[in-house]
Amino acid sequence: MPCRWGSARIGLTQVLPAPENMTNQDQQEQSNPANEAESAAGEQKLIEDRLAKTAQIRAKGLDPYPPRYDRTHTLVEATKLFEYAEIMASSGVGDDVEHPRTETVRIAGRVMARRGMGKAAFIDLKDGHGSIQAFARQNTMGDDAYEIVNLLDIGDIIGVEGSVIRTRRGEVSVEVQQVTVLTKAMRPLPDKWHGLQDQEIRFRQRYLDLISNENAMKNALLRSSVVKAMRDFMHGEGFIEVETPILVPVAAGAQATPFETHHNQLDRDLYLRIATELYLKKLIVGGIERVFEIGRLFRNEGLDHDHNPEFTTIESYQAYADYNDVMAMVENMVSFIAKETTGSMVLPAIEGVRPEIDLTPPWPRLDLREEIVKQTGIDFVEVRDAELLSDAMRDRGIHVEAGSAWGRLLDKVISSEVEPNLIQPHFLVDYPVEMSPLAKHKLNSDGIVERFEGFVMGTELCNAFTELNDPVDQRTRFEQQEKMRLEFGDDQADRLDEDFLVAIEHGMPPTGGVGLGIDRLAMLIAGEESIREILLFPAMRSM
RNA sequence: GACGGGCUAGCUCAAUUGGCAGAGCAAGUGACUCUUAAUCACUAGGUUCGGGGUUCGAGUCCCCGGCCCGUCACCA
């Protein structure tokens with residue numbers, strides 16, 4: 001597989017267009033140094049054929065890559081224009097009510113298929129909105145203009161001028177008066193009937209996926225709609241959108257391994273952020289009472305069907321709110337986004353993938369402690385020691401990573417025994433303090449913090465808490481995390497961020513905050529099981 | 001990281017027990033002025049992911065490596 005693209009790239013460099021001042025013949029000779037007797041094979045030949053046609057277009061005094069094209073209608077608009085003309089004709093309006101036709105339109109799109117008929121040809125065109133057939137006939141175009149039609153290849157982008165008609169077989173078509181080559185393509189498109197099947201090429205060359213597979217385009221557009229609906233919701237709730245640093249001196253605010261980088265001028269090591277949390281809370285300190293950021297996070301970890309090293313989250317913080325307020329906001333936001341993007345708060349069942357998912361609020365709140373007891377018999381209030389917890393886990397056949405801290409072990413219990421059951425949306429509520437260094441203690445509950453996580457389809461969607469604003473307690477929690485890093489070699493422990501501590505020492509109001517994975521939300525709404533179907537350019541191993 | 005599946009023409013896929021590497025689409029030439037997976041005839045197109053081995057003979061069997069997918073592990 002490596003050589004598939006490797007050789008292709010070499011192939012293109014071999015046939016790069018010649019300089020402007022060369023004649024067409026020069027170009028042909030230049031582009032094929034191996035002379036005509038030894039013609040190129042395979043992909044190289046396909047490219048050379050297209051280069052030859054490009055030269056012929058130039059020989060006619062035409063630019064195969066003109067700078068712009070005045071299009072009057074998208075393909076969908078052109079179809080609608082005709083349907084309107086047809087309706088008018090049916091009520092006797094128009095020059096020829098038997099054969100309605102529109103005014104002359106100018107459309108543009110990619111050639112998806114060609115059906116040549118000698119002195120006539122049918123061309124299927126596709127643009128960003130839809131598709132339409134172009135019908136080219138030599139006698140309506142003239143001999144000279146029609147020659148261009150014979151120089152077209154699948155994949156070329158062309159402009160077509162003509163009026164819209166319906167052919168005898170009933171296909172709405174633009175009857176071509178003039179064809180303009182807007183972009184000559186050098187490489188063929190994937191199989192027109194089967195589309196692009198090779199997953200690897202779909203991810204590495206997403207543009208081909210978008211051209212050939214409807215679902216790829218659908219997901220790309222859905223992702224955009226999800227983010228737009230999210231912004232609309234947040235702005236509607238009075239939140240201010242901000243952007244905070246991606247290159248940070250301390251990768252704090254979450255438990256994850258960061259990417260490292262270096263600023264030359266400052267001669268300073270920096271990290272790519274693993275969370276937006278602490279900067280946003282600084283803004284709460286500063287008096288922006290409702291704030292959110294939609295942005296990319298980077299975590300130097302493995303990749304699988306729902307993890308990518310860079311992913312997008314929304315984090316929001318609201319002064320004077322607690323985690324109960326945030327829970328209501330999350331279920332309202334997610335259901336609103338579903339309604340806006342799909343028309344319903346109930347996501348349809350998908351055969352072999354999932355049942356119907358009902359996102360209508362309120363989502364059930366499940367007490368974390370009770371839920372773990374119910375699924376495993378383990379009560380984390382009783383088993384407050386890493387050794388005891390490890391034993392209890394082993395008794396129940398749960399994999400135990402040697403030397404893990406108590407909080408990490410419990411996290412494992414939750415993710416392997418509790419989460420997978422949460423297919424319909426649920427909130428797990430009230431976590432132990434050991435695994436939540438940024439959340440505030442719950443009143444009258446020893447060792448428990450006001451934290452919740454939202455789950456759908458057995459995976460985490462969001463993580464939220466009543467934010468810890470006691471600077472003394474926060475410093476202690478950070479110190480515990482730093483200790484964990486040393487004691488357990490846990491380089492994913494959170495880090496002490498002195499700047500942040502100084503900020504909240506100035507006083508941060510009571511605040512509720514949440515982080516929610518946008519890629520996972522888009523997966524859920526799209527009904528996709530892999531994050532790679534949602535990310536346009538997922539991380540891939542180098543070839 | 002471990003185990004399993006996969007990689008064959010530009011694309012989609014075949015190839016029996018180890019026995020001449022094939023088809024459809026795309027491409028080229030020719031025919032064809034209402035097709036729509038157009039049709040018909042002909043032509044060309046291959047380092048079978050890379051490297052090594054066994055064998056008279058390897059797409060096929062063995063070893064090493066690469067990439068993709070899946071499961072597990074890790075990971076919010």
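Quick note on labels: first sequence line is chain A, next is B, and so on, each numbered from 1. A quick note: this is a predicted structure, and the numbers were derived from the prediction, not measured.
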Practice problem: Sort out the partner of B/A41 for me: Watson-Crick or G-U wobble, both distances under 3.5 Å, none otherwise. | Solution: B/U29

Self-check item: Distance-only donor-acceptor test (3.5 Å): side chain A/Glu171, base B/U36
Solution: yes

Practice problem: Give one of base, sugar-phosphate or nothing for A/Ile154, where a contact means two heavy atoms less than 4.0 Å apart. | Solution: sugar-phosphate

Quiz item: Under the 3.5 Å rule, do the base of B/G24 and the side chain of A/Asp191 count as making a donor-acceptor pair?
Solution: yes

Quiz item: Looking at the side chain of A/Arg115, which of B/A38, B/U33, B/C68 is the nearest nucleotide?
Solution: B/A38

Quiz item: Does B/G10 have OP1 or OP2 sitting under 4.0 Å from an N or O in the side chain of A/Lys45?
Solution: no

Exercise. From the options A/Val164, A/Ile158, A/Leu75, select the one residue that forms a side-chain contact (heavy atoms from CB on, under 4.5 Å) with A/Ile107.
Key: A/Leu75

Quiz item: For A/Asp411 and A/Ala136, take the nucleotide of RNA chain B holding the closest heavy atom to each; which residue's nucleotide lies nearer the 5' end?
Solution: A/Ala136

Self-check item: Check ion pair A/Glu310-A/Arg296 (N to O, under 4.0 angstrom)
Solution: yes

Quiz item: Going by distance alone, is a donor N or O of one side chain under 3.5 Å from an acceptor N or O of the other, for A/Glu293 and A/Tyr279?
Solution: no

Quiz item: Which part of the nucleic acid does A/Ala254 contact within heavy-atom distance under 4.0 Å: base, sugar-phosphate only, or nothing?
Solution: nothing

Practice problem: Classify the nucleic acid contact of A/Ser542 as base, sugar-phosphate or nothing, counting any heavy atom under 4.0 Å across all strands shown. | Solution: sugar-phosphate

Quiz prompt | Under 4.0 angstrom between A/Arg187 side-chain N/O and B/G10 OP1 or OP2 | solution = no

Quiz prompt | Donor-acceptor pair, side chain of A/Asp519 and main chain of A/Thr312, under 3.5 angstrom | solution = yes

Self-check item: Polar side-chain contact A/His194-B/C11 base: donor and acceptor under 3.5 Å
Solution: no

